[in-house]
Amino acid sequence: MKQDDETLQMYVEESLEHLSDIENDLLGIEQAGANIDEELVNKVFRAAHSIKGGAGFMGLTNIRDLAHKMENVLGMIRSREMVPNPEIVNILLLASDTLRDLINNVSNSNEIDISQHIEALTQLASNQAPDEGKAVSPRMIDISFPGGKIGFTVPEEQISALRKQGKYIYLVQLDLVSDIHSRDKKLLNAIGELEKSGTIMDAAVDTEAVGTLEEDRFLNQLPFAILYASILDDTIIDSLFEIDKNRIFQLAEDMTIRSIGPAFPEETPAVERVNKETTAKKAPADNPDMKEEKAPLLPARMDAQAAKKPGKIKQKQAPAETSLRVNVSLLDSLMNLAGELVLGRNQLVQAVMLDDSRTIQVASQRLNLITSELQEAIMRTRMQPIGNVFNKFPRVVRDMARNLGKEVELTLEGKEVELDKTIIEAISDPLTHLVRNAVDHGIESPDDRLKAGKEPKGKLRLRAYHEAGQVNIEITDDGKGLDGDKLSAAAVAKGLITSEQAAVMSEKEKINLIFLPGFSTAEKVTDVSGRGVGMDVVKTNLDKLGGNIEIDSTVGEGTDIHIKLPLTLAIIPSQIISTCGERYAIPQVNLEELLRIPADEVKDRIEKVGKAQVVRLRGKLLPLVRLADVIGVERTYIDPVEGEEKRDRRKDIADRRSRKSPLITDNSQPTNHNLQPTTPVDRRGGPDRRYHAASAVNVVVVSAGATKYGLVVDKLHDAEEIVVKPLGRHFKHCKGYAGATIMGDGRVALILDVAGLCRMARLTSVEGTARAAEVARESVKSKEDAHSLLIFRNAEDEQFAVPLGLVSRIEKIKKTDIEMVGGKKVLQYRGSSLPLFAIEEVADVKPLSDKEDLLVIVFLLAGREVGLLATAPVDAVELSVHFDESTLKQPGIMGSAIIGNHTTLMIDIFGLVQTINPDWFSERKPIQTSGGNAPTILFAEDSSFFRNQVKTFMEDEGYTVIEAEDGMIAWNLLQEHADEISLVVTDIEMPNLDGFSLTEKIRGDMRFSRLPVIALTTLASDEDIARGKEVGIDDYEIKLDREKLMEKIHNHLKRT
Amino acid sequence: MATTRKKGGQTIIRPGKDLLASAVDDLRKKLLNKLEKGSKELIIDLARVKMVDPVGLGLLIAAHNSLENAGGTLAIKNVSEDIYEIFKVMRLHQYFEVRQAI
């Protein structure tokens, strides 16, 4: 049978539309289970029905038969002969898949074998037939009014389900005319009220009682019976209906019904036994409910794979949609704009003929306006809701979860977000892959989840939303997450990266390894996700779309995939830059910010870390890449003197021009002199190109996934909307370009592929390298924790340091001033003898160099002055350094640090003096708490060096120390150990919660109001001390006088 | 006022106002009139009806019953969402042949 193509096409389109929602509707039916949503079932039924009808007319027998069988099954569900369970829905889903395939291949549909589905559906239907239906059909309960003709039949399951919710079940006889109409109630409101207070399980109008038009009965009565479930109990239910209790009956536990009114006491004959229907007899008495789930439903149990094989249709790439639905109002506005365009053209043509430049200007403005509006409107016609893609995921997730024995709850958000049609089509596969991955690899089996302390049901969330002109899609699961170390190990094992590379990678970069081609973490390739589509394909596809994908994952907690997509592909906003005289476009998507480093700051802000050049940007290090170097063009600069283009020989970005450059020669050079006689003679005031504005460095800060870097370019131009033209095939090896565009002047500008450039420059994010981490730490520290140190020498080539705060004075003496008295060195000093000692007396260091001029560093310790011999040069520095407290530690030496390229030993002045003069230090009697234990001190300090140091001091004195890295931690610890802690020593400058705020918190708590708080700090201006007093700090101690601190601690503890 | 028109074998009656007890008489007469004339396929068009009350509902049921007795059919079309909701709750959507408003 042949019919004209147009009719067939219409049928196909219409059928596909019917099928489009069928999947989710079937899933809805599955979810509802016995509690059938008739509307939904009807909808699917109607869909199958109309497909069948059309197919019959067109002679598409296969489609007709399949639809017919589906309709049969659905009909049984609708009539409650069958309770939809996952098995049944599965068969229906598979059948609907095949139906869609058939319709997509409508011309060949009759040749395709669908017997498997027909068989399954037929069996399903016959299994359910009443005579054999014991397996599936639930027990039905008949409930009717005592002696009444109206009754309802409901599944027992439904009743027990409602009872479990604490609901009572009532049978109510209403008369709408007298109960509602005569009382001036609105019908709809009354029904709404009922639905608010409970569930209308079933209802019936006694149509017979209404009579016919000829009679007047309908004017006076409209008997309406409802089966109603509500949590209201029988003492108040009548107030809901406002009717006599006699007309309300309750369904009792034993399935008998009785009136709740007093007129019918229990024994009255009105109480009637409810019939247990047919199935009750047939179902095995012991456990009928369980049975229905387990009974073999079908001889040929179908699963997804089995069903795919026989009815397989060559999965031809589904033809791209050829028609599109467009809002009529949008079409109207397009039409309007087209009209405007014509008018604009007329105006322009006329103006050109008259050669009237003013009118031409006006016309061009007008055309400009119309064009952009038209562009926008046309774009909108291509916009499709992302729901088109999202809607297929419930099925995908359900099927996979079933196959894998997992439980997954899928939430979809932002289905209405619109994207360009091409993008919608292109993201479908990558998204599906990600969703499959999440279910397959991300979410654990219910057992594992329980073990990990999670709910057995995994959560998967897809969310789409607009942000900054882009569409964001998030795929979040609460599964086991990605393990960066595992990933990097796997990548090394596969030879994708070297172990050195792996070592310097940050966690985020490790996770991003998953995108490398040839990387697949699945230990075995599973049917579900190992389809040869790796994450690299996902990434490439998204890259092609100008999108961006980022993965964030915490082991054990889940994975968060974030995709950013442009709204449309054809026209993108971009930043135009130029280097070496060529212009390039950088998509705004990748653009973070523009940075111009003025010429005189270049030297300070651009540094070299290893081989990488970096710039400090707000306390972070940003790797720099010179665009010209990456894309391989020769760097040039325009010589401002000769006006010629010259090769730029500078190597590093921070390099300045050499003295030989004509730009910085002084006027003694004759050429320069002759050419520019006005050039000032003074070189510093002259056109020194090093400080010329043109020497400023322009940096475009771009981001590609996890990596952010600065692209050094010559010039920054405007931001423009560019029309993307693909690059020809012969450019396919040029990795750094994403396409090309034509600029307003007709010249071509290449569009830079920021991610590609990053790969070409072989950047690993700076955060990854250890050195960078150190530099970063340093730069952060410098703000928070600077140490003031006095640097000096003992031997010529050994550098030492002591905290400046401990030093009282520095005296210059001659070697001959030292007296040896009683085997000890002393110095006559201010009328008394100052004991002197040298470092080598205690520590194993090179001896004091034999010089005439010596230095004595005077310390005040334990109430006495001591002098430490030293040699010049001395320097007081304020810097932040990392102290190594283990490598070079020895008696009298606390540790070491690198200061000014020298390994510098930190003097432990207390250790030194104590070793030499142990008797100076009065033994303090260790203070004990009432319980006889050593008192506990809470010590908050963010610098680990000081923390360890002071902790040791305190422990040496016999105290127990609880240490905290910042105020917040300290506060938490204090609460945990509220009873033990007898004193708090705190730093002032700390992250999260500083010492002032910590004290405030302590003082604000009744329990700690008398707890002594000593501030230990480098900060001790009068202002600070005043502020400290205000918040309740008991004492101030400057870092780091051990003796004084210990004494203060001692005193405070004694007092309490 | 209800309007009536014929289309093929069908008679379409379109009540001019809400189907309330006060309006029932007029419509009832019209319907009876059509029945007497032997119309077998009656369609009640509720396009202009926003509300029904129990008596109005009763009228529809009675009309259905009368037609059934006479061997005819009754369909109701252009049913507003609110009214359809009522039909659904009362399970009358299966009783009538209802065509919902589009």
Practice task
Would you mind reporting whether Arg91(B) and Val205(A) have side-chain heavy atoms less than 4.5 Å apart?
Solution key: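 Not touching, per the 4.5 Å side-chain cut-off.
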Practice task
Would you check if Asn65(B) and Leu213(A) make a side-chain contact, meaning some heavy-atom pair closer than 4.5 Å?
Solution key: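 Asn65(B) does not reach Leu213(A) side chain to side chain.
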Heavy-atom contact with chain A under 4.5 Å, split by part of [X]:
X	answer
Leu92(B)	side chain
Leu35(B)	side chain
Val24(B)	side chain

Problem - Heavy atoms from other residues, nucleotides or ligands near CD of Gln31(A) exceed 12 (cutoff 6.0 Å) - result: no
Problem - OH (Tyr168(A)) with more than 12 external heavy atoms under 6.0 Å - result: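 Not buried by this count: 12 neighbours or fewer within 6.0 Å.
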When rounded to the nearest 0.5 angstrom, what distance separates [atom1] in [X] from [atom2] in [Y]?
X	Y	atom1	atom2	result
His93(B)	Glu39(A)	NE2	CD	6.0 Å
Leu60(B)	Thr207(A)	CG	OG1	13.0 Å
Ile61(B)	Thr212(A)	CD1	OG1	12.5 Å

Fill in the blank from the handout: Looking only at heavy atoms, the pair that brings Val210(A) and Gly58(B) closest together is CG1-O, 3.4 Å
Practice task
Heavy atoms only: give me the nearest Glu214(A)-Arg28(B) pair and the separation to one decimal.
Solution key: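 Closest approach of Glu214(A) to Arg28(B): O-NH2, 3.5 Å.
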What part of [X] lies closer than 4.5 angstrom to a heavy atom of chain B: side chain, backbone, both or neither?
X	result
Gln221(A)	neither
Asp175(A)	neither
Ile200(A)	both

Practice task
Mind jotting down which residue pairs meet the ring pair (Phe, Tyr, Trp, His ring centres under 6.0 Å) criterion with at least one end in residues 32-64 of chain B? Sequence neighbours excluded, please.
Solution key: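 As it turns out, the ring pair (Phe, Tyr, Trp, His ring centres under 6.0 Å) pairs with a partner in residues 32-64 of chain B, which skip direct neighbours, are His64(B)-Tyr95(B), His64(B)-Phe96(B).
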Fill in the blank from the handout: Interface check, chain A: of Val52(B), Leu57(B), Asp53(B), Leu59(B), most non-hydrogen pairs under 4.5 Å belong to Leu59(B)
